[in-house]
Amino acid sequence: MKRVVVTGLGALTAIGNNVPEYLAGLRAGKSGAKPITLFDATQFKTQFACEVSDWDPTDRLDKREIRRLDRYITMALYAADEAMRMAGIYNDAGEKIFELDPDRSGAIVGSGIGGLGSLETEITDFTNGSGVPRYNPFMIPKMIANMGAGHISIAHNLRGPSYATVSACASGGHALAAAADDIRLGRADFMVSGGSEAVVTKVGVGGFNSMKALSTRNDDIKTASRPYDADRDGFVLGEGAGILILESLEHARARGANILAEVVGYAASSDAYHISAPHPEGAGAKMAMGNALKYAGLEPADVDYINTHGTSTPIGDTAELKAIQLAFGEAAYDLNISSTKSMTGHLLGAAAAIESVACILAIQHNFIPPTINHFTDDPAIDPKLNLTFNKAQDRRVDVALSNTFGFGGHNSATVFKRFVD
Amino acid sequence: MASIEEKVKQIIVDKLGVDEAEVTSEASFTNDLGADSLDTVELIMEFEKEFDISIPDEQAENIQTVGQAVTYLESSVEK
């Protein structure tokens with residue numbers, strides 16, 4: 001089995017449009033929540049989201065190409081470009097400086113929903129029109145959820161494994177696992193992986209509102225995402241993309257790449273319980289974390305930091321903490337735990353990807369990003385857990401675990417470790 | 001009011017992201033302006049929407065240059 005290392009990162013979130021900005025936002029405890037600008041939300045129960053803003057994709061991508069893309073695909077390509085540059089495949093000017101073997105390189109990038117905005121526009125145009133179908137020929141390739149991976153493979157000439165994983169909010173985690181497996185099993189040397197999501201749209205917000213999944217704290221937008229707070233009232237929808245470049249250790253070494261961390265374990269499981277509610281005792285989540293550690297050959301006490309799924313929903317947050325306590329026992333008290341969704345909102349299919357980037361940044365910079373917006377302790381939460389409330393904490397981080405769970409009961413847990421020869 | 005030719009050129013500039021100077025009468029959508037088969041379908045559809053007409057597929061296949069589009073639309077659109 002090959003060792004899998006991370007050599008490049010890309011991040012596009014409401015708290016930063018690239019990795020340095022994202023790092024600064026995580027350290028500062030920045031809230032990305034803002035009034036919705038992407039559509040008129042005045043009649044919606046929730047009128048805010050963590051939108052990506054002040055973002056000009058043409059600083060990395062061709063204007064003409066962008067026209068043919070849904071926002072979620074543009075985001076995937078944008079973050080992939082940053083990650084490929086960090087990995088040393090391109091220089092800062094975007095010129096190729098390392099020739100990958102295309103047949104040994106691939107792209108597995110997930111999306112929970114795909115190009116919902118493009119589909120909405122086309123359906124609206126049709127229903128408002130004369131009845132003559134004039135669907136844009138780019139509608140299908142904008143809408144389908146695999147096109148982040150498809151476009152990345154085309155843009156960078158990656159002819160190895162390429163597809164999308166779809167498991168709602170766990171999509172990015174399963175993409176990382178699938179990409180890591182291709183490297184571990186020797187099927188590829190170099191994989192672009194992660195997730196992308198852009199559904200701050202009428203249907204996206206309206207649909208989650210109907211599920212009562214979103215916070216409706218319209219009078220205090222900045223603090224609406226408050227995981228583990230007694231008054232949490234739902235998640236704040238985010239958007240963006242996270243990309244990790246995974247490589248076999250041999251391949252990274254041979255080309256002199258800068259190794260950022262190692263992917264040492266990951267596991268998937270299912271609650272087999274309900275389409276949207278988590279198992280109340282966190283049974284599936286416990287198994288995902290336990291198996292990820294087992295596959296990594298690590299003990300609970302080896303873990304320094306857990307980046308939780310922690311979406312700020314009443315049931316989900318406590319179920320995950322129960323699962324952590326079941327999986328980690330007494331070691332749970334020595335961990336730092338935080339939900340960076342308090343800052344970025346919930347990026348759905350991109351959540352695992354940007355939260356994995358946060359884990360790697362925690363390892364690189366020895367800090368724990370905070371769970372911001374904590375005001376009132378929840379009596380249902382064990383006060384001995386360190387949930388890293390409100391301020392980032394300094395800590396040497398050698399091992400970090402990222403949890404993500406999706407509608408359908410899909411769980412994924414990924415373990416990153418400081419790279420040591 | 002913009003002429004048919006001006007409107008056609010504007011649609012091509014918008015949809016294909018090319019400079020107006022490139023959009024000459026002789027320019028072929030695919031050979032000169034970088035369009036692929038989907039772009040070509042989109043252009044035809046935009047012409048249909050702009051001029052509120054329906055271009056049959058067999059006619060659309062013959063519209064491969066800017067000039068051919070202008071000629072076809074000038075003859076089809078009611079003045």
Side-chain angles (χ1 to χ4, degrees), chain A residues 55-78 81 94 114-115 117-157 159, chain B residues 4 6-24 26-66 68-70 72-73 75-78:
Chain A
W55 174 51
D56 179 7
T58 63
D59 63 30
R60 290 184 183 277
L61 306 175
D62 180 43
K63 188 175 146 199
R64 190 178 155 165
E65 180 70 12
I66 292 167
R67 193 187 64 75
R68 299 159 51 124
L69 307 174
D70 184 84
R71 186 172 170 89
Y72 98 91
I73 303 170
T74 308
M75 289 178 156
L77 275 169
Y78 192 85
D81 183 88
S118 297
L119 182 61
E120 280 177 53
T121 301
E122 290 295 319
I123 292 174
T124 305
D125 285 355
F126 175 70
T127 53
N128 289 343
S130 62
V132 177
R134 287 201 178 105
Y135 289 100
N136 189 289
F138 294 105
M139 173 185 71
I140 301 283
K142 282 178 169 180
M143 175 193 81
I144 49 183
N146 58 300
M147 280 304 213
H151 277 279
I152 289 168
S153 67
I154 294 164
H156 302 288
N157 191 30
R159 297 199 301 239
Chain B
I4 287 178
E6 285 164 347
K7 285 183 183 169
V8 166
K9 286 189 173 175
Q10 194 52 51
I11 288 169
I12 294 167
V13 167
D14 286 349
K15 291 293 161 190
L16 299 184
V18 290
D19 286 337
E20 202 169 337
E22 296 174 71
V23 188
T24 59
E26 300 75 36
S28 152
F29 301 139
T30 50
N31 296 334
D32 301 315
L33 302 177
D36 65 15
S37 60
L38 294 181
D39 289 310
T40 313
V41 175
E42 189 184 27
L43 280 180
I44 297 293
M45 211 166 271
E46 287 301 317
F47 298 150
E48 290 182 329
K49 282 188 201 167
E50 175 67 33
F51 300 106
D52 194 23
I53 58 166
S54 179
I55 304 175
D57 284 353
E58 54 274 21
Q59 298 291 335
E61 281 165 20
N62 296 326
I63 302 176
Q64 292 175 4
T65 67
V66 178
Q68 286 166 353
V70 172
Y72 178 83
L73 291 165
S75 67
S76 309
V77 177
E78 288 175 31

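Each chain gets a letter, A, B and so on, in the order its sequence line appears, and its residues count up from 1. We use all heavy atoms of the structure for the numbers below, so side chains are in, but hydrogens, waters and symmetry mates are not.
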Residues which pass side-chain hydrogen bond (donor to acceptor under 3.5 Å, both in side chains) with A:Arg60, listed by chain and number, not counting sequence neighbours:
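Listed in chain order: A:Asp81.
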How would you list, by chain and number, every residue that makes a salt bridge (charged side-chain N to carboxylate O under 4.0 Å, His left out) with B:Glu22, sequence neighbours excluded?
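Checked B:Glu22 against salt bridge (charged side-chain N to carboxylate O under 4.0 Å, His left out); zero matches.
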Members of residues 144-157 of chain A whose heavy atoms come closer than 4.5 Å to chain B:
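Under the 4.5 Å heavy-atom cut-off, nothing qualifies.
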Taking heavy atoms only and a threshold strictly under 4.5 Å, list by residue number the residues of residues 117-129 of chain A that touch chain B; give 'none' if the list is empty.
none
What's the shortest heavy-atom distance between [X] and [Y], and which atoms?
X	Y	result
B:Leu38	A:Pro141	CD1-CG, 4.4 Å
B:Glu42	A:Phe138	OE1-CE1, 3.2 Å
A:Arg67	B:Asp39	NH2-OD1, 3.2 Å

How about B:Glu58: does its CD atom have over 12 heavy atoms from other parts shown lying under 6.0 Å from it?
yes
Would you compute the distance between atom CZ of A:Arg68 and atom CG of B:Asp36 and round it to the nearest 0.5 angstrom?
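It comes to 4.0 Å.
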Cut-off 4.5 Å, heavy atoms of chain A, and the answer for B:Asp14 is backbone
Is it the side chain or the backbone of A:Arg134 that comes within 4.5 Å of chain B heavy atoms, both, or neither?
both
